[in-house]
*Asks:* 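Below is one structure. I have some questions about it.
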Amino acid sequence: MLFDMDGILFDSMPMHARAWSEAVTRFGLSMTSEEAYEHEGRTGKSTINILTKRFWGRETTDEEVERIYKVKSDLFNSYPEAKRMPGAADLLNQVKRDGFQIVLVTGSGQHSLLNRLNKNFEGIFHKDLMVTSFDVRQGKPSPEPYLMGLRKAGLHPWEAVVVENAPLGVRAGVAANIFTIAVNTGPLPDAKLVSEGANLLFPSMTALAQGWNTLRNALS
Ligand code: CA
């Protein structure tokens, strides 16, 4: 199973949205918290580029990306550490117990990621089964991150399942031809996830954890 991280494993999206909104304002750009959710999953560069095109009528530069993304990251890191998403540990433990490989596929590029994962989900994640922003050229909604996750796990698309909370993440999973489960843990309407082609929709990670046995039998 291929798991997205922010908004799936950690309840970190409210803080990411706030950090984006505050950071871009300092550079004379503007993004509402809701728009931050709509761009969730994109690389920092892609998100910043959308704003510079809209407000300044041009592509962003690498230097701007570096400066703006640093402010965004510093703000995010100044907030309290995000908590585990309720239900996430329960689901991961069941999936591991049932013998499935667990692959992390995130657009995040924090160097301390594995430590943080191990602290919160002991014995679940492995560095060889992680796709981060350092591994891919194109972030979600490109299928590249999920295709790389398949490759690292040695799986075919039809043998895998994606768990995603963001519309663009669902689009990426669907574009990789993988059965994609959307979990709506944020403020966007369900229709945004369904219209991207999600195969199933759950209202929370707790609900997905509770439904896992039934789902596993249905999928196999
Ligand atoms: Ca996410």
Side-chain angles (χ1 to χ4, degrees), residues 1-21 31 33-47 50 69 72-73 76 79 81-89 91-92 95 102-110 113 116-117 120-121 124-125 129-136 138-149 160-176 178-209:
M1 277 179 89
L2 309 176
F3 287 87
D4 169 52
M5 185 174 75
D6 291 295
I8 286 291
L9 303 180
F10 294 105
D11 189 9
S12 45
M13 274 311 296
M15 285 177 275
H16 277 296
R18 188 178 140 202
W20 269 118
S21 187
M31 177 162 60
S33 166
E34 184 176 54
E35 189 184 355
Y37 279 94
E38 287 177 3
H39 292 314
E40 182 186 350
R42 283 190 196 284
T43 60
K45 180 172 186 172
S46 166
T47 303
I50 286 170
Y69 197 67
K72 187 262 169 183
S73 302
F76 181 80
Y79 304 153
E81 199 163 88
K83 295 200 166 34
R84 286 193 301 192
M85 187 64 81
L91 175 64
L92 290 169
V95 170
I102 294 173
V103 185
L104 183 83
V105 181
T106 178
S108 178
Q110 304 158 55
L113 212 58
R116 189 158 154 249
L117 286 164
N120 284 278
F121 306 100
I124 296 287
F125 292 95
L129 293 179
M130 287 173 56
V131 178
T132 72
S133 68
F134 301 115
D135 295 301
V136 294
Q138 294 186 297
K140 302 166 188 175
S142 160
E144 188 190 357
Y146 281 114
L147 293 173
M148 183 164 291
V161 172
V162 161
V163 182
E164 260 290 350
N165 70 304
L168 298 181
V170 169
R171 193 189 298 175
V174 171
I178 306 172
F179 189 92
T180 299
I181 298 173
V183 186
N184 194 356
T185 62
L188 300 178
D190 287 350
K192 293 238 177 199
L193 295 162
V194 174
S195 67
E196 295 290 355
N199 298 96
L200 283 175
L201 176 75
F202 284 83
S204 66
M205 286 296 281
T206 307
L208 178 52

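Side-chain atoms are counted along with the backbone in the values below, which use heavy atoms only and exclude waters and symmetry mates. The structure presented is a predicted model; accordingly, all values stated were derived computationally and were not measured. Whatever order the structure lists ligands and atoms in, that order sets their numbers, starting from 1.
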*Asks:* Does Asp4 bring an N, O or S atom to under 3.0 Å of the Ca ion (ligand 1)?
*Replies:*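 Short answer: yes, at least one N, O or S atom is under the cut-off.
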*Asks:* The Ca ion (ligand 1) is nearest to which N, O or S atom of Asp6?
*Replies:*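 Among the N, O or S atoms of Asp6, the one closest to the Ca ion (ligand 1) is O.
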*Asks:* Looking at the Ca ion (ligand 1), is there an N, O or S atom belonging to Asn165 that lies under 3.0 Å away from it?
*Replies:*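 A backbone or side-chain N, O or S atom of Asn165 is under 3.0 Å from the Ca ion (ligand 1).
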*Asks:* Measuring only between side-chain heavy atoms, which start at C-beta, is Thr47 closer than 4.5 Å to Tyr69?
*Replies:*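 No, too far: nothing below the 4.5 Å cut-off.
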*Asks:* Check all N, O or S atoms of Glu40 and name the one closest to the Ca ion (ligand 1).
*Replies:*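 The Ca ion (ligand 1) is closest to the Glu40 atom OE2, counting only N, O or S.
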*Asks:* Looking at Tyr79, is Arg18 sitting on its ring face, NZ or CZ under 6.0 Å from the six-membered ring centre and within 45 degrees of the normal?
*Replies:*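 Here Arg18 passes the 6.0 Å and 45° test against Tyr79.
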*Asks:* What orientation do His16 and Phe76 show, parallel under 30°, tilted 30 to 60°, or perpendicular over 60°?
*Replies:*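 Ring orientation of His16 relative to Phe76: parallel.
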*Asks:* Are Lys140 and Glu40 ion-paired here, with the side-chain N under 4.0 Å from a carboxylate O?
*Replies:*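 Judged by the 4.0 Å cut-off on N to carboxylate O distance, Lys140 and Glu40 do not form a salt bridge.
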